[in-house]
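Every heavy atom of this structure was used, including side-chain atoms; hydrogens, water molecules and symmetry mates were not. Ligands are counted one by one from 1 in listed order, and the atoms in each one are counted from 1 as well.
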Amino acid sequence: MTRKARNGALSQSGAGPEAAACDRNFDVVVVGGGTAGIGVTASLLRRRPSLRIAIVEPGDRHYYQPAWTLVGGGAYDIGKTVRPMASVIPEGAAWIQARADGFSPESNLVHLADGGSVGYAHLVVCPGLRLAWERIEGLEDTLGKNGVTSNYSFDLAPYTWSLVKALKDGKAIFTQPPMPIKCAGAPQKAMYLSCDHWRRQGVLGRVGVEFNSAAPVLFGVAAFVPPLMEYVARYHANLVFHSNLVKVDGPGRIAYFDIRREDGSTERTAKSFDMLHVTPPQMPVDFVRNSPLADAGGWCEVDHETLRHSRYGNIFSLGDICSAPNAKTAAAVRKQIVVVAENLLALRDGREMPTFYDGYGSCPLTVEKGKVVLAEFGFGGKLLPTFPLDPAVPRYLAWLLKAKFLPWFYWHGFLRGREWFARPTDTR
Ligand SMILES: Cc1cc2nc3c(=O)[nH]c(=O)nc-3n(C[C@H](O)[C@H](O)[C@H](O)COP(=O)(O)OP(=O)(O)OC[C@H]3O[C@@H](n4cnc5c(N)ncnc54)[C@H](O)[C@@H]3O)c2cc1C
């Protein structure tokens, strides 16, 4: 579809700009107050302070998840990754502290779990994704004990670091489920930082390290595989592809994997461990998956370039829940925010949508304490480096960006609508 056609393909709203009778009505309703929800609200209000905008968000805490990998590697304080939700809600936005439960896009309504509803002229859907711990048998009973941990949880990332410090010999297994997952590099980042600690402590030779991934390759963008393989070799890590964690016996310290063979058959294999770092399977949140907004896979269906819903013209989506095939990262959200803010306001003004998403996402791969391979890429794995440096080289500068600058910028810039390094490459 051409861009002209994209702009003209849908009417501006599902059923006219006025919502049906409901408890409250807003110009814009944002579902989810995470990275995407707070960021896009701040950016919309910075452009147009008069907007009547509400955020539907049940939680009272806001997290900076990208630093949890550093916490698990002993390089960041978990307390610095969380702030009260009230402190990040942008000034001028209303906070509806409730759980969204469904959508009636034909009536321009968001339904809430408490039985209420909120009406909108334009809707932005960004409630993230769901970590499906329960899909691995026995996992929930043993998380946080018996050597079983995950950097994907605020509560567990510090336990990762305790396990890493305590392990002097034995077997450490790191897992990666089928895609899509948020920050596809995070499962192996946990491995590299753990190995780096064991190497510095002189015990790496006594720790058997294994990375079990459901994927067929170490990383989805080929340009970054060679430097990563150098670290895999340096840490003597054993890579097992097509290997999917399906069951954990915590007290027995045995992990069960379904390993896919070349002929398509699957073999269940039991592996003992002293430490098990699990990346959980990840799914669209149920209230989007079961709604008219979902695509066949359950993600919120958008045009990948405009981020406008493919069937409902007054709805946009961004962040982990949206169907665009980018790397699900906060870095992607940083660029998507500009696209949604500019296109949504253009539609409100009766103009054509001016801004197009190039699929940018970034994964700062923490290959050792003090070195990062800054993987930045767009749709189709096209390299999109921010800096004029070879992106495949591990750098201290990129570590400083990841561990110092980005967390600071997140709280003080990103969540306040300051769009540094966020301009889309494609505007007209
Ligand atoms: C371990 C780890 C490492 C990562 N590393 C990086 C990295 O290095 N670089 C990077 O760029 N990104 C990284 N990420 C990914 C990044 O954190 C996410 O991509 C980003 O947070 C997505 O933003 P989001 O707003 O879509 O989802 P979230 O930030 O998860 O926010 C979703 C919000 O929606 C709310 N919500 C849920 N259900 C409902 C409901 N029913 N009604 C209303 N609201 C609801 C939630 O409470 C939450 O506040 C990492 C993530 C993890 C877990």
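Considering backbone and side-chain atoms together, A331 places an N or O closer than 3.5 Å to an N or O of ligand 1. The distance criterion of under 3.5 Å between nitrogen or oxygen atoms is met by K189 with respect to ligand 1. Checked by distance only, ligand 1 and W68 stay at 3.5 Å or farther apart across all their nitrogen or oxygen atoms. Inclusion of I321 in the set of residues having an N or O under 3.5 Å from an N or O of ligand 1 is not warranted. No N or O atom of A186 sits closer than 3.5 Å to an N or O atom of ligand 1. For ligand 1, the polar-atom distance check finds an N/O of K402 within less than 3.5 Å of one of the ligand's N/O atoms.
Under a 4.0 Å criterion applied to the non-hydrogen atoms of R99, ligand 1 contributes the atoms 41 (N), 42 (N). Set against the non-hydrogen atoms of G319, the atoms of ligand 1 under 4.0 Å away are 26 (O). Taking every non-hydrogen atom of Y152 and a distance limit under 4.0 Å, the qualifying atoms of ligand 1 come out as 53 (C). Set against the non-hydrogen atoms of C183, the atoms of ligand 1 under 4.0 Å away are 4 (C), 5 (N), 6 (C), 7 (C), 8 (O), 13 (C), 14 (N), 50 (C).
The CD atom of E342 sits 12.0 Å away from atom CG of L307, with the distance rounded to the nearest 0.5 Å. Atom OH of Y312 sits about 6.5 Å away from atom CG of L293, to the nearest 0.5 Å. With rounding to the nearest 0.5 angstrom, the CZ atom of F174 is 9.5 Å from the CZ atom of F211. For the atom pair CG of L344 and CZ of R48, the computed distance is 9.0 Å after rounding to the nearest 0.5 Å.
Classification of the F103-F287 ring pair by plane angle, with boundaries at 30° and 60°, yields parallel.
In terms of modelled atom types and a separation under 3.5 Å, the side chain of N314 and the main chain of A121 share a donor-acceptor contact. Judged by distance alone, with hydrogens and angles left aside, the side-chain atoms of R253 form a donor-acceptor pair with the main-chain N or O of D274 at under 3.5 Å.
For the residues T69, V88, T160, the heavy atom positioned nearest atom 3 (C) of ligand 1 is part of T69. Of the candidates A190, G33, P58, A100, P58 brings a heavy atom nearest to atom 44 (N) of ligand 1. Of the candidates L112, I181, D320, I38, D320 brings a heavy atom nearest to atom 20 (C) of ligand 1. Between Q65, Q97, E57, it is Q65 that holds the heavy atom closest to atom 51 (C) of ligand 1. Across the listed options G361, P187, G128, A330, A330 owns the non-hydrogen atom lying nearest to atom 10 (C) of ligand 1.
Of the protein's heavy atoms, G34 CA, 3.2 Å lies nearest to atom 31 (O) of ligand 1. Among all non-hydrogen protein atoms, the one lying nearest atom 13 (C) of ligand 1 is P66 CG, 3.6 Å. Distance from atom 37 (C) of ligand 1 to its nearest protein heavy atom, with residue and atom name: P127 O, 3.5 Å. Looking only at protein heavy atoms, the nearest one to atom 23 (O) of ligand 1 is T35 CB, 3.4 Å.
Ligand 1 lies less than 4.0 angstrom from a heavy atom belonging to A36. Distances from ligand 1 to the non-hydrogen atoms of N151 include at least one value under 4.0 Å.
Looking at Y63 against ligand 1, nothing comes within 4.0 Å, counting heavy atoms.
Side-chain contact of S317 with H309: a donor-acceptor pair under 3.5 Å is absent, judged by distance alone. Between the side chains of K271 and N212, at least one donor N or O lies within less than 3.5 Å of an accepting N or O. No donor-acceptor contact under 3.5 angstrom links the side chains of S194 and Y235, judged on distance only.
Checking R334, R46, R47 one by one against E419, the salt bridge (Lys or Arg N to Asp or Glu O under 4.0 Å) holds for a single residue, R47. Of the listed residues (T279, T160, T69), just one forms a side chain to side chain donor-acceptor pair (under 3.5 Å) with N151, and that residue is T160.
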Could you check K371 against D196 for salt bridge (charged side-chain N to carboxylate O under 4.0 Å, His left out), going step by step and ending with a plain yes or no? CA-CA 11 Å; K371 289 260 174 79; D196 185 45; over 6 Å; no
